[in-house]
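Just so you know, these numbers come straight off a predicted model, no measurement behind them. In the text below, chain A, chain B and the rest are named by the order of the sequence lines, each starting its count at 1.
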Number of protein chains: 2
Amino acid sequence: MRSPTISSVALHAGVSVASVSRVMNGFAARPETESRVRAAIADLGYQPNSAARALKVRESDQICLSFADIGNPAYVSMTRGVGRVLHESKYRLVLASSFSTVGEIIQQLESMGRGYADGLIISPIYSDPKITELISQLKMPVVLIGTLPTGLDVDNVHIDSSLGIKLAATHLKERGRSKIGLLNGPLNTNPGRRRSDGFRKVLKNLRLEIVEEQMIQADDFTSQSAYEAISRYPLISEIDALICGNDLMAAGALRFLSELGIDVPGKIAVVGIDNTELASLVKPTLTSVDLLAESRGELAANLLLDRIANPKRASKKIVVQPKLIVRSST
Amino acid sequence: MRSPTISSVALHAGVSVASVSRVMNGFAARPETESRVRAAIADLGYQPNSAARALKVRESDQICLSFADIGNPAYVSMTRGVGRVLHESKYRLVLASSFSTVGEIIQQLESMGRGYADGLIISPIYSDPKITELISQLKMPVVLIGTLPTGLDVDNVHIDSSLGIKLAATHLKERGRSKIGLLNGPLNTNPGRRRSDGFRKVLKNLRLEIVEEQMIQADDFTSQSAYEAISRYPLISEIDALICGNDLMAAGALRFLSELGIDVPGKIAVVGIDNTELASLVKPTLTSVDLLAESRGELAANLLLDRIANPKRASKKIVVQPKLIVRSST
DNA sequence: TACTTGACTGTAAACGATTACAGTTAATCG
DNA sequence: CGATTAACTGTAATCGTTTACAGTCAAGTA
């Protein structure tokens with residue numbers, strides 16, 4: 001047996017389908033009509049079919065959130081922030097994650113044309129001209145979290161992660177450290193490249209010497225890769241501080257250092273990035289640069305809702321300031 | 001300007017809409033027809049409208065995943081598992097999380113009648129007769145991850161978490177511990193209750209004495225609550241082992257114990273649950289019962305896809321065996 | 001050649017909502 | 001009391017697909 005439709009309700013209530021629809025959407029109706037419709041709805045357990053509604057009004061009531069990998073705690077926080085905001089709205093959250101290649105992102109973006117979402121929040125880990133082009137051609141509101149590619153005119157939530165590196169490095173210098181290493185993620189990712197650029201720039205400004213070997217890249221942003229990467233770090237006995245690509249990587253580094261009996265922060269101070277819950281759970285607790293992923297998610301979601309409500313406003317760019325949270329690893 | 005529709009494509013290709021539809025859905029067509037349709041699709045950048053298709057074929061190509069809070073790493077792993085499986089399929093993943101009350105779950109379940117999802121994977125943290133009833137009335141395939149309420153006939157992926165407690169307690173007894181504490185989450189949740197029941201039962205079987213004060217409940221499953229709860233644990237100086245509701249809570253406990261200068265595992269051995277990445281990142285590394293959240297997610301997703309393909313098969317129940325991963329905290 | 005067959009193709013009716021428009025009531029006013 | 005108006009209601013078109021059914025056309029068969 002099929003679910004009740006608006007016609008069954010109309011029949012049951014002895015009114016027209018239009019009246020049912022109007023009652024449901026809050027338009028004026030005679031009290032008598034309204035109560036009969038409501039009674040019929042309750043009797044039949046009617047729920048409007050979302051596909052039919054979506055087809056007619058051209059709104060899916062869905063928002064798509066797209067990022068690289070839900071394994072990364074920063075994205076989890078972001079998802080939480082977005083979820084919290086959407087939860088207060090009529091929108092459902094569709095997750096488009098787990099894709100790892102540029103090709104998959106492109107495929108994903110192309111399929112947005114099917115209209116299953118009213119808006120897109122995307123935080124691309126890779127930059128690619130094709131991705132930029134596809135985003136700019138999208139007919140729906142888009143919020144990009146991360147570095148906005150040049151020429152792309154969409155709402156943007158951006159955190160100055162090179163400022164994050166600066167906070168970390170300055171803090172380390174104040175603590176008397178002068179030989180700072182960077183344990184980074186892959187350079188072909190946006191965060192990886194920004195951290196590396198920021199690092200280079202900041203060290204120069206601080207008049208700290210810098211050689212290429214100070215920077216090392218792990219294969220990805222996991223603690224395991226970080227552990228493996230640092231175990232082949234050439235300058236391990238020369239540095240007195242280490243900035244890591246994120247907290248997971250920092251935790252991997254801490255493990256390695258502890259196994260080698262290298263004192264943290266005595267011999268080497270360690271700074272993480274993201275300020276996840278992990279930072280206060282490892283020993284020593286980890287100084288970390290908070291990139292406010294959860295609030296970025298909230299900001300992005302609010303920006304998107306605002307843009308949906310007001311499609312013609314000029315695009316906004318929100319810059320979020322990272323915060324350094326000092327703990328005992330420095 | 002509106003997106004191209006199947007009619008525009010038909011017009012452009014000089015064929016009927018039916019032919020376009022057939023080409024798109026892989027039905028036989030003359031090579032000439034097929035190539036003209038494909039060319040027109042490419043020319044116009046046509047993407048079929050998913051709402052229209054959903055309305056007609058009664059399939060949304062979406063799967064809904066519903067759980068309590070994406071803040072919990074176990075659910076994140078589960079989401080990952082589900083996401084990985086769905087990624088290989090045509091289905092999109094809709095996340096319905098962040099709800100905290102029974103009322104919200106109910107509301108969520110009621111709205112499933114709108115047909116925006118072809119299937120539901122749900123892992124309810126609370127048990128409630130109303131929830132059970134609503135699930136059983138759902139017209140779509142459902143997989144429940146967790147304890148199956150009596151009388152509910154849906155596919156189920158279940159992990160015997162009391163067996164998990166048993167593994168932990170037996171291991172601790174073998175290590176010569178006899179006074180084991182339980183740092184649990186709230187008792188009004190399914191996992192909380194199961195852990196408490198399991199704990200009671202196992203200790204009895206192991207002929208270890210048990211008093212009520214051995215079990216303590218934190219306000220929720222976070223490390224912070226765990227920290228606060230253990231700081232008012234009455235028997236802290238008497239126990240020689242502690243089983244925690246999950247790894248986060250264990251990490252909170254470890255932090256407290258380390259601040260008090262209580263040696264782990266010398267004075268108190270600590271066991272976590274979930275075996276998240278965190279377990280190998282804290283110091284000492286944490287012995288933990290792996291509840292295989294990610295594979296449960298995969299299993300559930302596969303079960304759901306199988307059920308969608310084959311709606312009349314009898315419901316299956318998959319029981320997953322927890323594994324104890326021994327590390328240095330015991 | 002005429003007829004059957006098979007392989008495609010096109011027409012038009014759904015799917016279940018929303019909404020413009022016209023029609024119906026009831027209320028108000030002169 | 002009849003006319004005007006306001007408030008509500010119903011009819012039917014529409015959104016963009018899929019698909020049953022009937023039609024076309026060429027090839028194969030007698």
Side-chain angles (χ1 to χ4, degrees), chain A residues 1-38 40-41 44-62 90 111-118 139-140, chain B residues 1-38 40-41 44-62 90 111-118 139-140:
Chain A
M1 209 198 55
R2 288 239 258 263
S3 292
T5 71
I6 197 171
S7 318
S8 359
V9 175
L11 208 65
H12 192 89
V15 299
S16 74
V17 293
S19 289
V20 178
S21 175
R22 278 186 291 250
V23 167
M24 302 237 316
N25 293 291
F27 291 95
R30 233 169 52 213
E32 149 93 13
T33 309
E34 171 154 357
S35 61
R36 288 170 65 177
V37 169
R38 296 217 179 280
I41 288 176
L44 304 177
Y46 168 72
Q47 290 281 131
N49 177 298
S50 36
R53 171 162 228 279
L55 173 58
K56 184 62 187 169
V57 305
R58 314 184 116 70
E59 283 174 15
S60 62
D61 290 356
Q62 299 192 144
K90 66 177 177 180
S111 81
M112 298 305 296
R114 292 165 181 259
Y116 64 80
D118 299 341
K139 300 198 173 74
M140 71 188 67
Chain B
M1 206 198 58
R2 288 239 259 262
S3 292
T5 71
I6 197 171
S7 319
S8 358
V9 174
L11 209 65
H12 192 91
V15 299
S16 73
V17 292
S19 290
V20 178
S21 175
R22 277 186 291 251
V23 167
M24 301 235 319
N25 293 291
F27 292 94
R30 232 168 53 212
E32 148 93 13
T33 309
E34 170 154 357
S35 63
R36 288 169 65 177
V37 169
R38 295 217 180 282
I41 289 176
L44 303 177
Y46 168 71
Q47 292 279 130
N49 177 297
S50 37
R53 170 162 230 279
L55 173 57
K56 184 62 189 169
V57 305
R58 314 183 115 71
E59 283 174 14
S60 62
D61 290 356
Q62 299 191 144
K90 66 177 178 180
S111 81
M112 297 304 297
R114 291 166 182 259
Y116 64 80
D118 299 341
K139 300 198 173 75
M140 70 187 67

Checklist entry - Base, sugar-phosphate alone, or nothing: which one does B:F27 contact when heavy atoms must sit under 4.0 Å apart? => result nothing

Next on the checklist: Under 4.0 Å, heavy atoms only, any strand: does B:A28 hit a base, just the sugar-phosphate, or nothing?
Outcome noted: sugar-phosphate

Is any side-chain N or O of [X] closer than 4.0 Å to OP1 or OP2 of [N]?
X	N	result
B:N49	D:dC15	no
A:R53	D:dC15	no
B:Y46	D:dT17	yes
A:S19	D:dG10	yes

Starting at atom [atom1] of [X], determine the distance to atom [atom2] of [N], rounded to an integer number of angstrom.
X	N	atom1	atom2	result
B:D61	D:dT18	CG	C1'	14 Å
A:L55	D:dT18	CG	P	12 Å
A:I6	D:dG10	CD1	C1'	13 Å

Check the interface with nucleotides 12-14 of chain C: list each N/O to N/O pair with the protein under 3.5 Å, or write none.
residue : atom : partner : partner atom : Å
C:dA14  : N3   : B:K56   : NZ           : 3.0

Next on the checklist: Could you tell me if the side chain of B:V20 sits less than 4.5 Å from the side chain of B:V15, heavy atoms only?
Outcome noted: yes

Next on the checklist: Do B:R53 and B:N25 have side chains that approach each other closer than 4.5 Å (heavy atoms only, starting at C-beta)?
Outcome noted: yes

Checklist entry - Picking from C:dC8, C:dT19, D:dT19, which would you name as closest to the side chain of B:S21? => result D:dT19

Checklist entry - Taking N and O atoms by type only, does the side chain of A:R22 place a donor or acceptor under 3.5 Å from a partner on the base of D:dG10? => result yes

